[in-house]
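Just below is one structure, and these are the notes that go with it.
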Amino acid sequence: MNTMIKDCITIQKQDDVVIALRDVLPGESIILENGTILSVSDHIPRGHKIAVHEIAPDQDVIKYGFSIGKAKEHIQPGQWIHTHNLRTGLEGTLDYRYEPSPSWNPNHVPEHLQTFEGYVRENGEVGIRNEIWIINTVGCINKVCEALARTAHADMQGRVEGVYHFPHPFGCSQLGDDLEYTKQLLASLVLHPNAAGVLVIGLGCENNQIEQFAEAIPDEYAHKVRYLKAQEEDDEIEAGLLLLEELVTQAEQISRQPVPLSKLKIGLKCGGSDGLSGITANPLVGSVADLIVSAGGTAILTEVPEMFGAETILMNRAQTTQVFDELVDLINGFKQYFVNHGQNIYENPSPGNKAGGITTLEEKSLGCTQKGGHSNVIDVLKYGQRVHQSGLNIIEAPGNDLVSVTALSAAGAHIVLFTTGRGTPFGGPVPTMKIATQSDLANRKKHWIDYNAGQLLEGKTMEEVSLDLLTTIVDIASGRKQTNSEKHGFREIAIFKDGVIL
């Protein structure tokens, strides 16, 4: 598929465009795959599109083998194609028909990558970290929780892999479904197996009361959770430290042991994308997702608005008609969410995406959905829900980086594979692995980037790089390596405030 040439890359033979691998100046010539010499008439930034033949006004422009929009005007060979001459071809909600894709042939995972060293919990779930988490029911006590985490992290170092708090501003002045979605998201985080123990702290007068919150925690997890109401304690810090000591004493009895790769759950996310995201990093992550799913593991995909324009690819990979119907509801429900808030459904990509070479939402979506690989879609989950089936799952969440990574973590992802062409430093509640689309970013931002997918443009094959990336993932899951966000202590959550999407 991806054919390497000197200055540009062809994705599919039927495409109307090639992608510049360096800045190309007006008057320069590039050699196409078929040997044709193309004279370039515009300045083409790296990652941007160059027309390879004449395109008429209102004609579909093809990239990845699919339409990425319609030409606004007559386009000549060698011209730059971007926002000035290309528009989206998407409009409104759609009716869909289930046309199942051909069966997927899974790849074989080498024997030495079929296990990792994890923590087996009492209920059989597996964690890749042995941490203590502090979850607050309301934002009023963020600083109390922060002080507790800071003190306990220092005092209990070496006994567990860290004590962490994830601040948020919600839990009060919320009503109905909005409050329920906040409770569900936080409760799912409490259940995450990377946390050997969780201290849930409330203020005492908030809407998100501890007693009601505790009802969302199944009995099988009761041993790992402690509760504290700050208003009822003379010294909430002292009381909190005593409860944390109980959790740490319990957690330090657990050691890593070999577990099958089938126990691993990965989250799939992209952010700060560029014109190479859909050519290097996203297909690479999709290839690794296929490997993990083929071994019986789980991949979780989200960013629903960034499926618009490529949603039929995922819908036709639905394992059953029920999953297909759930995907249709998810896509059209999210479109209606935009309509309900008076927003243009297809007003995307972001300014940074456009600067990186992505012009329309369908172009962004066709690149974005490649993170999901080629396996069947097993299940569709609502925001805040946890995965309960192995295979490729899709979860309801927006494209916002922090919100979607939090949703992936709450769904049960042990690690999030985060592809980026422009870079970002943040980390979620679970190890958040940054995968660069090109070597310049990987070399310039070594303190952000954990892996370089740009190797795919430098002579390495997809199979080579996929196995190398999977090796790194197994090392991170086994505790032999940390992501840069972990090393720097960058851990955040963000909750989707208007949780009612469907």
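All values reported here derive from a predicted model rather than from experimental measurement.
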Nearest 0.5 Å, please: how far is [atom2] in [Y] from [atom1] in [X]?
{"X": "Thr437", "Y": "Ile279", "atom1": "OG1", "atom2": "CD1", "result": "9.0 Å"}
{"X": "Leu417", "Y": "Cys270", "atom1": "CG", "atom2": "SG", "result": "12.0 Å"}
{"X": "Thr420", "Y": "Ile449", "atom1": "OG1", "atom2": "CD1", "result": "6.0 Å"}
{"X": "Asn208", "Y": "Thr182", "atom1": "CG", "atom2": "OG1", "result": "7.5 Å"}
{"X": "Ser287", "Y": "Leu469", "atom1": "OG", "atom2": "CG", "result": "8.5 Å"}
{"X": "Lys434", "Y": "Asn452", "atom1": "NZ", "atom2": "CG", "result": "15.0 Å"}

Decide side-chain hydrogen bond (donor to acceptor under 3.5 Å, both in side chains) for Thr137 and Gln209; before the verdict, give the C-alpha distance in whole Å, the side-chain angles of both, and the deciding distance to 0.1 Å.
CA-CA 7 Å; Thr137 62; Gln209 284 284 301; over 6 Å; no
Report the relative orientation of the aromatic rings in Phe418 and Phe426; use parallel for angles under 30°, tilted for 30 to 60°, perpendicular for over 60°.
perpendicular
Taking the inter-plane angle between the rings of His153 and Tyr164 on a 0 to 90° scale, is it parallel (under 30°), tilted (30 to 60°) or perpendicular (over 60°)?
tilted
Please check if any side-chain donor atom of [X] sits under 3.5 Å from a side-chain acceptor atom of [Y], or the reverse.
{"X": "Glu311", "Y": "Ser365", "result": "no"}
{"X": "Ser439", "Y": "Glu458", "result": "yes"}
{"X": "Glu326", "Y": "Gln322", "result": "yes"}
{"X": "Thr472", "Y": "Asp475", "result": "no"}
{"X": "Asn142", "Y": "Asn136", "result": "yes"}
{"X": "Thr249", "Y": "Glu245", "result": "yes"}
{"X": "Thr419", "Y": "Asn282", "result": "yes"}
{"X": "Asp290", "Y": "His374", "result": "yes"}
{"X": "Tyr119", "Y": "Glu161", "result": "yes"}

Looking at [Y] and [X], is there a salt bridge between them, counting it only when a charged N and a carboxylate O are closer than 4.0 Å?
{"X": "Glu246", "Y": "Lys224", "result": "no"}
{"X": "Arg386", "Y": "Glu125", "result": "yes"}
{"X": "Asp450", "Y": "Lys481", "result": "no"}
{"X": "Lys382", "Y": "Glu396", "result": "no"}
{"X": "Glu303", "Y": "Lys364", "result": "no"}

Does [atom1] belonging to [X] count more than 12 external heavy atoms closer than 6.0 Å?
{"X": "Gln253", "atom1": "CD", "result": "yes"}
{"X": "Glu122", "atom1": "CD", "result": "no"}
{"X": "Lys183", "atom1": "NZ", "result": "yes"}

Ignoring hydrogens and angles, write down the donor-acceptor pairs under 3.5 Å from the side chains of residues 230-241, residues two or more places apart or on other chains.
unit_1	atom_1	unit_2	atom_2	d
Asp235	OD1	Ile237	N	3.1
Asp235	OD1	Glu238	N	3.1

Listed by chain and number, what are the salt bridge (Lys or Arg N to Asp or Glu O under 4.0 Å) partners of [X], not counting sequence neighbours?
{"X": "Asp401", "answer": "Lys269"}
{"X": "Arg129", "answer": "Glu486"}
{"X": "Glu220", "answer": "none"}
{"X": "Arg444", "answer": "none"}

Measuring only between side-chain heavy atoms, which start at C-beta, is [X] closer than 4.5 Å to [Y]?
{"X": "Val387", "Y": "Asp379", "answer": "no"}
{"X": "Leu441", "Y": "Arg422", "answer": "no"}
{"X": "Phe324", "Y": "Leu314", "answer": "no"}
{"X": "Ile358", "Y": "Asp274", "answer": "no"}
{"X": "Pro110", "Y": "Leu467", "answer": "yes"}

What's the verdict on side-chain hydrogen bond (donor to acceptor under 3.5 Å, both in side chains) for Asn130 and Arg159, showing C-alpha distance, side-chain angles and the deciding distance?
CA-CA 9 Å; Asn130 204 37; Arg159 299 173 63 191; over 6 Å; no
Residue from Val304, Thr302, Ile495 passing side-chain contact (heavy atoms from CB on, under 4.5 Å) with Tyr383
Ile495
May I ask you to check if Lys335 and Phe308 form a cation-pi contact, with NZ or CZ under 6.0 angstrom from the six-membered ring centre and within 45° of the axis?
yes
Could you please spell out the steps behind the side chain to side chain contact (heavy atoms under 4.5 Å, CB included) verdict for His168 and Leu186?
CA-CA 10 Å; His168 67 86; Leu186 293 174; 3.7 Å; yes
Would Ile395 and Leu408 satisfy side chain to side chain contact (heavy atoms under 4.5 Å, CB included), going step by step from the backbone distance to the final call?
CA-CA 8 Å; Ile395 189 164; Leu408 289 168; 4.2 Å; yes
Just grab all the ring pair (Phe, Tyr, Trp, His ring centres under 6.0 Å) pairs involving residues 463-489, residues at least two apart or on different chains.
His488-Phe490
Report the C-alpha separation of Leu457 and Leu276 in whole Å, then their side-chain angles, then the decisive distance to 0.1 Å, and conclude whether the side chain to side chain contact (heavy atoms under 4.5 Å, CB included) test is met.
CA-CA 10 Å; Leu457 301 176; Leu276 297 175; 4.1 Å; yes
Check the pair Met462, Leu456 against side chain to side chain contact (heavy atoms under 4.5 Å, CB included), reporting the backbone distance first and the verdict last.
CA-CA 7 Å; Met462 181 63 79; Leu456 291 167; 3.9 Å; yes
